[in-house]
Structure formats: structure tokens, C-alpha cells
Protein chains: 2
Amino acid sequence: MEEKSVPHYRRLYEQLRKGIVDGIYKEGDLLPSENELCALHNLTRPTVRKALDLLAHEGFIKKQQGLGSIVHKLPKGIGILSIAGTTTAIGKKNLKTTTVVRPRVQNWPSDFFFALSDEFKTVGCIYFERVRFVNDHPIFYEQTYLPNINLPRFTSRNLDNKSLFDLLRQNYQLEIKGGEQYLKAIEAVDEKICEYLNIRTGQPVLYLSRKLETNRINFSFFSFMYCNTSDFSLYGVF
Amino acid sequence: MEEKSVPHYRRLYEQLRKGIVDGIYKEGDLLPSENELCALHNLTRPTVRKALDLLAHEGFIKKQQGLGSIVHKLPKGIGILSIAGTTTAIGKKNLKTTTVVRPRVQNWPSDFFFALSDEFKTVGCIYFERVRFVNDHPIFYEQTYLPNINLPRFTSRNLDNKSLFDLLRQNYQLEIKGGEQYLKAIEAVDEKICEYLNIRTGQPVLYLSRKLETNRINFSFFSFMYCNTSDFSLYGVF
DNA sequence: TTAATTCAATTGTAAATACAAGAAGTTAAA
DNA sequence: TTTAACTTCTTGTATTTACAATTGAATTAA
């Protein structure tokens, strides 16, 4: 009996992905060919190809006609620009999270960067702030705004060292399907930012504004992130 | 008789894309349904779906099960983070380009950020610098390195107000298939950068390091871009 | 030995088909 | 009037089949 209703291509994708990040498939290796994967997992080629396309799209493999699927080298930077949340992008062992402003219900800022529906404006938002440490250095200072709709008990949840994506999926059946993001380089002028990220006033930080879309229709939430990129780069493929 | 060998899904993708950027399909509109597109273009659903998946992947549409393909609003920022080159991302009318260092053959820098094959190191590179103006404001200062392999007459070409991607495709049959990128926020300390981008010393700029992969196997080239993001954001979807 | 050819394996493109799942409107019942 | 069930249209997932294009190794010919 199969679990729930996760599509086959998605399960194969996750299995292969795990094989790559765990080092079972190493850089330069060829994945099993499409036909081999078909036989191994009792699937058909279009299904297998869909899984491989996902991997290629996120930079884990490069496909080459006539040759196969080549495992790509692991990036030097933090792969936060694609759909992966911070926890997935960095890995739990190197990531620590502290909540500096606990979740609370409030109104949306009047000059909010993203467009808000009337419903969103009416119900207000759940707001919180977190600082995330990579190898014990504070790298991300993140402000999150969730529409206050159907999120019972959220304000009393503990977000320390947890993946927000996981929490939303496990407790509210919310799956992040995609989103859009805007990037800027700015000076860290706000005192709080400098304090949290342990940088001097005026130091450049990368400012990332994101709208995150979920499987619940018309339910998106928002995140504004200040990144200290002096030691790390943000990494992405395209 | 059909042109060359452009896949059907690709041609449909480009046609729909043009319909969106030209405003024939407006924000919030529904594209014709998959079955309608099949009938219109004499294609089958998997082919049509592949075209739509491309559009969705680049943020032009959102697909919603049971409803259709919804045209997404045009982004506020510059969509350079995906595969589009600068010219495509901004549009020719608002983009001007000047060459500040004409293409020349030289050695690779000793501390080059990306790994280079032995062949690349042997042949050296073609190097040039350009400044790109959006609405007559200098926004991008870009340093480009191309492996000096099979690019006859490149050093004598004029790059002003031209798309490098187009030039490579038309003159050398080189198609950009994808790549990887690293982003940082840095201070503009180099005098040349400040002069070219017309900013003061110490102002934050977004530094974008890119490896661009082509259809010629093992032929990639590299671009390092300093972006003044005080008036524009870089935009991407995921 | 070298170069050209052939061959098998791999990914790329495309069609035809079937059913599931979700959204929206229509109809019928309460 | 309101609610519920039904129908229809949409996209999502999956199978099956076929052929094209590319690669790399093996084979053959010079």
C-alpha cells in the first residue's frame, strides 16, 4: 500500500535527490539511465523523466543527450534562491535559529511591498522575526508575515531551530509551491539589523523580498530577509 | 515546410510568451485551455503542456488545476536571474550598452572564481567590459570572459547595443542552455566601478558571478556583474 | 597505426489514450 | 432562499509506443 498520494515522479525525485546530497552519487557520476530507473522502480519513461527534469532544474544533475544524467558538483554557496527553504538549503546540522520577535497578530504595514487582497487586509497578519546562524555566525535576519487565516494556535508555537516549511506542512497541510523574489544590495543602517547580524553600520547586506505561494488557493505569505554575504554567497541555477 | 528543427513545444512557448509581453494576454487572463491549444496548433496535450510548463517555470503564468493557466502580473524588477540575458530581461528600447574595454585575448586571472579545464587555461580567454544603461542610468558594469576556442573574428566585433546571446547564436551557433550564479552584496570600492555606475565610494552594489553553459559541450563562459540596485531590484521566480 | 564506419546505448521529441482531482456553474431538493 | 448534488470543463498524473539525435565504444578498412 502506498503512502498518501505523493506522485510517483515526486517520490523518485526525492529519493535521487537524497542519494546525491548524501554522497551516494558523487560529482561526475552518471545516474542510472532512464530505462534502468524505469525497470528499478516499475515506472515508465515519462514519469522517470519528470523526476530527472526536476533534479536538472534545481541544479543537482546535468542531462546530456547520448550520455546520461551527470551529477553536478555541490555548490559553494547557499542555495536559497530556489524553492528550498533555508533549512533545506543549508542543512540542519549547520543551521541554528532563534526567534527574536515571537509570532503575534498585528496589522499589515501601510506601505507593504507586495499587493494584498482585501481579505488579507481585513484579517491582519501574524508577524515574527528570526535570526539564523550558519556555523554559529548570524547570517540571516528574517521578518515573516503570514495572513491570519486558518492558522490556529500559530502564535503559541515555538519556531526555534525548526523549518517553517515543515511546520506549515505538518500542522496546516500547507505546501509551498513556488513564489517570486526581489533582490537588492543595501546598507545596513537599522540598528537592530547590525546588532542581530553582528556587523557595523553601513556594511552592505543583501535584501531579499519574497512572496511564497502555497497549495491553498490565494494563500501566500511573505518574507523579508537581510543576508550577511561577506562569507557566503547565495547560489542559484537557471 | 517548417523552419529548421525548433521543437514544437518551444515554438508554442515563444508564441505565447510574446502574446503575454506584448499585452495580448493581460494580467489575470486565462490562456486558452490545453485542449484548445491542442486544436489550435495541431499538437497533443503533452507537447502543449511542455510549453506551458516552461512559461510557468519562468513566471509568466500560474497554472491552477480545474481552472486554467492564469497570466501572471509583470514583475516590478529586472528578471535577469533566470536564463534571459540582460537585453531580453529589460527590452531593447530601455537598454543601452557601451563597451568600455574592447574584446581582447589575454590569460585567465590567476585567482579565477570558477574552476577552469586545462584546455581553457591553455588557450586563454577573450575578455571585455561593458556598461549597461537602463533608461539612461548606468545600472550594470559587466566583465565577461569567453574561452578563446573557435570564436573567429570575435575581437573585432562591435558589442555596443547588442545582445551577446544573439551574437553568439547567430555567428557561432552557440545557444545558452543554463548556468549557475552566485550573489553577494559588496561595497563599491574600485574606482572604475564607482565611475562607471556613477555612485559614491562605499555604496552597496549587488555582485553577480555567473557561469553560462552552452549547447557546445564543455564550452561555458563567465560573467561578473556589478549592479546598482538603488532604483531597481533583480527579480526571479522559483 | 590510424582513420573511418558501424553499432548499441542514451536522452530528446512527439503522439494517442486513460483516468484522477479540482473548480465552477447548473439543477434539484429542502 | 439556501443547500446539496450533479455535470462539465479544466489541469494533474501515468502508461504505451515510436522515432530522432547524440555519444562513445567497437569494428573495419586503409
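The basis for the numbers below is simple: all heavy atoms, side chains too, and nothing from hydrogens, waters or symmetry mates. No experiment lies behind these values; they were computed from the predicted model shown. Throughout, a chain's letter reflects where its sequence line sits, starting with A, and its residues are numbered from 1.
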Tabulate atom names and distances for all N/O pairs under 3.5 angstrom spanning the protein and nucleotides 17-27 of chain D.
from	atom 1	to	atom 2	distance (Å)
D/dA21	N3	A/Q65	NE2	3.0

- Starting at CG of A/L12 and ending at P of D/dT15, how long is that distance when rounded to a whole Å? 11 Å
- Expressed in angstrom and rounded to an integer, what is the separation of B/K62 atom NZ from D/dT11 atom P? 16 Å
- Message: For a 4.5 angstrom cut-off between non-hydrogen side-chain atoms, does A/V21 reach A/F60?
- Response: yes
- Task: Give the nucleotide from the list D/dT11, C/dT10, C/dT13 with an atom nearest to the side chain of A/E36.
- Result: C/dT10
- Message: What is the separation between atom CG on A/L37 and atom P on D/dT15, rounded to the nearest whole Å?
- Response: 13 Å
- Task: In whole angstrom, give the distance that lies between atom OH of B/Y13 and atom C1' of C/dT13.
- Result: 18 Å
- Message: What is the separation between atom CZ on B/R49 and atom C1' on C/dA14, rounded to the nearest whole Å?
- Response: 15 Å
- Item | Rounded distance in Å - CG (A/D53) to P (C/dT11) | 11 Å
- Would you give the length of the straight line joining atom OG of B/S69 to atom NZ of B/K63, rounded to the nearest 0.5 angstrom? 5.0 Å
- Can you spot which of A/R11, A/R17, A/R10 makes a side chain to side chain donor-acceptor pair (under 3.5 Å) with A/Y13? A/R17
- Going by heavy atoms in the side chains, are A/L67 and B/I217 under 4.5 Å from each other? no
- Among C/dT13, D/dA14, D/dT11, which nucleotide sits nearest the side chain of B/P7? C/dT13
- Message: Measuring from the side chain of B/H8 (C-beta onward, heavy atoms only), which nucleotide among D/dG12, C/dA14, C/dT11 has the closest atom?
- Response: C/dA14
- When rounded to whole Å, the CG to P distance for the pair A/N42 and D/dT15 reads 9 Å
- Could you tell me the separation between the NE2 atom of B/H41 and the P atom of C/dA15, rounded to a whole number of Å? 13 Å
- Item | Along DNA chain D (nearest heavy atom to each residue), the more 5'-positioned of A/T47 and B/N35 | B/N35
- Sugar-phosphate only, base, or nothing, as touched by A/T44 at under 4.0 Å among non-hydrogen atoms: base
- Query: Short question: side chain of B/K26, backbone of B/G23 - any donor-acceptor pair under 3.5 Å?
  - Reply: yes
- Message: With ring pair (Phe, Tyr, Trp, His ring centres under 6.0 Å) as the criterion, how do B/F224 and B/F112 come out once you've worked through the C-alpha distance, each side chain's angles and the decisive distance to 0.1 Å?
- Response: CA-CA 11 Å; B/F224 302 90; B/F112 200 70; 5.5 Å; yes
- Message: On the nucleotide C/dA14, are OP1 or OP2 found under 4.0 Å from the side-chain N or O atoms that B/Y9 carries?
- Response: no
- Is any side-chain N or O of B/K50 closer than 4.0 Å to OP1 or OP2 of C/dA14? no
- Does the side chain of A/F114 come within less than 4.5 Å of A/Y182's, by heavy atoms? yes
